[in-house]
Amino acid sequence: MPLNLWSVYTSLGGDELRVLRAIEKWMRRYRYVPVELVERSSRLPPSRFSRAVKTLVTMKLIKRRLGSLSGYTLTYTGLDVLAIDNLRSRGIIEVLGDKIGLGKEGDVYIAVSPAGSRLTVKLHRAGRESFRKIRRHRSYALDLRPTSWLDVSKALAEREFKILVRLEEEGARVPSPVAWNRHAVVQRYVEGVLLAEVRVLDAETAASILRDVLETLRIAYTRVGVVHGDLSEYNVIATAEGGGVVIDWPQYVYRDEPHAHELLTRDVDYILRYFRRRAGLKVELAPAIKYVMGETGEPPV
């Protein structure tokens, strides 16, 4: 049965949260935080500490290593719980609902604000192996300087939140950012479906979505100075109004980086080929690139 993250969170008490925070505090120095250090940092009596640890291990919020160097480390679920607790205590979310997306970057949940508006909560998932790949292929990874998967996930969430703020300020069609904490990014819910999940795509709707996508890439490039870097039908939302919203921005690169033009060309070429294949919409790559780079004023579609 799938994990209900909200049920896990609401089943915990203050002692369990104190232990989670104590482990998180020391994970920059230890892969498995020594038991004595966790107990001392949590400031719990031994009996309450033992009960809390047992609960967290049973619920798979932490992992335990036994032996001469016994210790504990957070799992992603443990980090999820800490982020949710922060967002709830700050009045950002009232309740977390079902998981609505699962991708290479993380899990996406529906949520509701205290005012009753719908939100999405994206929980970044950056494993050690995936970050090694990031370091090999993306220069922005040098800015993250992480010491653990926990730091990588947090850094990517902060990076995505901040670029969404800039893009929205400039009028790009991106999800409206609300808040971030740890590895979680909260955005206003976008009514629509992933472009990859659209079953019927006529030429008129395809042209409308493509115009929005190209305009957003143009704003990102000319006004914000960044390239998305990983554009596909899996990170464009086809809205209920027939437009397009570009999502998933943590891997962006600055336009003056060595491979930026190559990535921009790949982004545009891929999305043009997608619309050509799905809707028979033929747009040439060269004029589309010129439009995105601000060299021409009229969209090529």
Side-chain angles (χ1 to χ4, degrees), residues 1-13 16-17 20-21 24 56 59-62 74-127 130 149-165 167-168 173-198 230 232-240 245-251:
M1 186 174 179
L3 172 73
N4 186 309
L5 189 53
W6 184 251
S7 294
V8 169
Y9 166 65
T10 54
S11 71
L12 300 176
E16 287 80 16
L17 291 171
L20 288 175
R21 294 189 193 104
E24 179 190 32
L56 294 171
M59 299 181 73
K60 299 182 179 180
L61 274 67
I62 64 175
L74 289 180
T75 65
Y76 264 120
T77 308
L79 188 62
D80 294 344
V81 163
L82 288 174
I84 291 166
D85 182 62
N86 175 276
L87 295 170
R88 188 188 188 192
S89 66
R90 288 164 57 197
I92 305 298
I93 67 171
E94 181 71 23
V95 64
L96 188 77
D98 295 333
K99 185 186 296 185
I100 59 172
L102 175 64
K104 61 183 179 180
E105 290 183 355
D107 299 338
V108 181
Y109 289 81
I110 191 77
V112 179
S113 74
S117 60
R118 286 195 293 174
L119 306 167
T120 58
V121 179
K122 179 179 178 181
L123 301 170
H124 279 264
R125 297 277 191 263
S130 67
W149 60 266
L150 181 148
D151 286 330
V152 178
S153 299
K154 289 179 178 180
L156 290 174
E158 180 181 4
R159 195 172 198 268
E160 180 166 36
F161 177 79
K162 289 181 176 179
I163 198 63
L164 286 175
V165 170
L167 289 166
E168 185 184 47
R173 289 182 59 84
V174 297
S176 181
V178 176
W180 68 275
N181 178 260
R182 294 176 169 88
H183 66 319
V185 178
V186 183
Q187 306 164 4
R188 299 197 186 282
Y189 181 80
V190 178
E191 193 72 48
V193 297
L194 283 179
L195 183 57
E197 298 173 0
V198 176
D230 192 28
S232 76
E233 67 271 26
Y234 290 95
N235 41 42
V236 174
I237 296 178
T239 68
V245 172
V246 182
I247 64 174
D248 297 337
W249 287 84
Q251 73 295 312

Just so I know, are the side chains of Asp80 and His183 near enough to count as touching, which here means a heavy-atom distance under 4.5 Å?
yes
Hey, does Leu74 have a side-chain heavy atom less than 4.5 Å from the side chain of Leu82?
yes
If we only count heavy atoms from C-beta on, is the Ile84 to Ile93 side-chain gap below 4.5 Å?
yes
Pair Lys60-Thr77, side chain to side chain contact (heavy atoms under 4.5 Å, CB included): steps then yes or no:
CA-CA 7 Å; Lys60 299 182 179 180; Thr77 308; 6.0 Å; no
Under the ring pair (Phe, Tyr, Trp, His ring centres under 6.0 Å) test, residues paired with Tyr109 that sit two or more places apart
none
Is there side-chain contact between Ile92 and Asn86, with at least one heavy-atom pair below 4.5 Å?
no
Checking Asn235 side chain against Asp230 main chain: does a donor-acceptor pair fall under 3.5 Å?
yes
Once you round to the nearest 0.5 Å, how far does CZ of Arg188 lie from CG of Leu119?
7.0 Å
Show, in sequence, the C-alpha distance, side-chain angles and deciding distance for Tyr9 and Leu96, and conclude whether the side chain to side chain contact (heavy atoms under 4.5 Å, CB included) test is met.
CA-CA 10 Å; Tyr9 166 65; Leu96 188 77; over 6 Å; no
Is the shortest distance from a Lys or Arg side-chain nitrogen in Lys154 or Glu24 to a carboxylate oxygen in the other one below 4.0 Å?
yes
Rounded at 0.5 Å granularity, tell me how far NE2 in His124 sits from CZ in Phe161.
11.5 Å
Return the CG to CD distance between Asn181 and Glu158, rounded to the nearest 0.5 Å.
11.0 Å
Reported CG-to-OG1 distance for the pair Asn4 and Thr10, which is rounded to 0.5 angstrom:
7.5 Å
Treating Ser117 as the side-chain partner and Ser113 as the backbone partner, does any N or O pair qualify as donor plus acceptor under 3.5 Å?
no
How long is the span from the CD atom in Gln251 to the CZ atom in Arg159, to the nearest 0.5 Å?
8.5 Å
With a 3.5 Å distance limit and no angle check, can you tell me whether Thr75 reaches the backbone of Leu61 through a side-chain donor-acceptor pair?
yes
Check step by step if side chain to side chain contact (heavy atoms under 4.5 Å, CB included) holds for Ile247 and Lys122.
CA-CA 11 Å; Ile247 64 174; Lys122 179 179 178 181; over 6 Å; no
Whether Glu16 side chain and Gly13 backbone form a donor-acceptor pair below 3.5 Å
yes
Side chain to side chain, Leu5 and Leu123, heavy atoms closer than 4.5 Å
yes
For residues 82-91, which residue pairs qualify under salt bridge (charged side-chain N to carboxylate O under 4.0 Å, His left out), counting only residues two or more places apart or in two chains?
Arg21-Asp85
Whether the side chain of Ser153 engages the backbone of Ala126 through a donor-acceptor N/O pair (distance < 3.5 Å, no angle test) should be reported.
yes
Got a second to check how far Arg125's CZ is from Leu156's CG, nearest 0.5 Å?
12.5 Å
Given Val121, Val174, Leu164, the one that forms side chain to side chain contact (heavy atoms under 4.5 Å, CB included) with Gln187:
Leu164
Using the test side-chain contact (heavy atoms from CB on, under 4.5 Å), find all partners of Tyr234 that sit at least two apart in sequence or belong to another chain.
Ala196, Ser232
Check whether any side-chain heavy atom of Pro175 sits under 4.5 Å from a side-chain heavy atom of Val245, and report yes or no.
yes
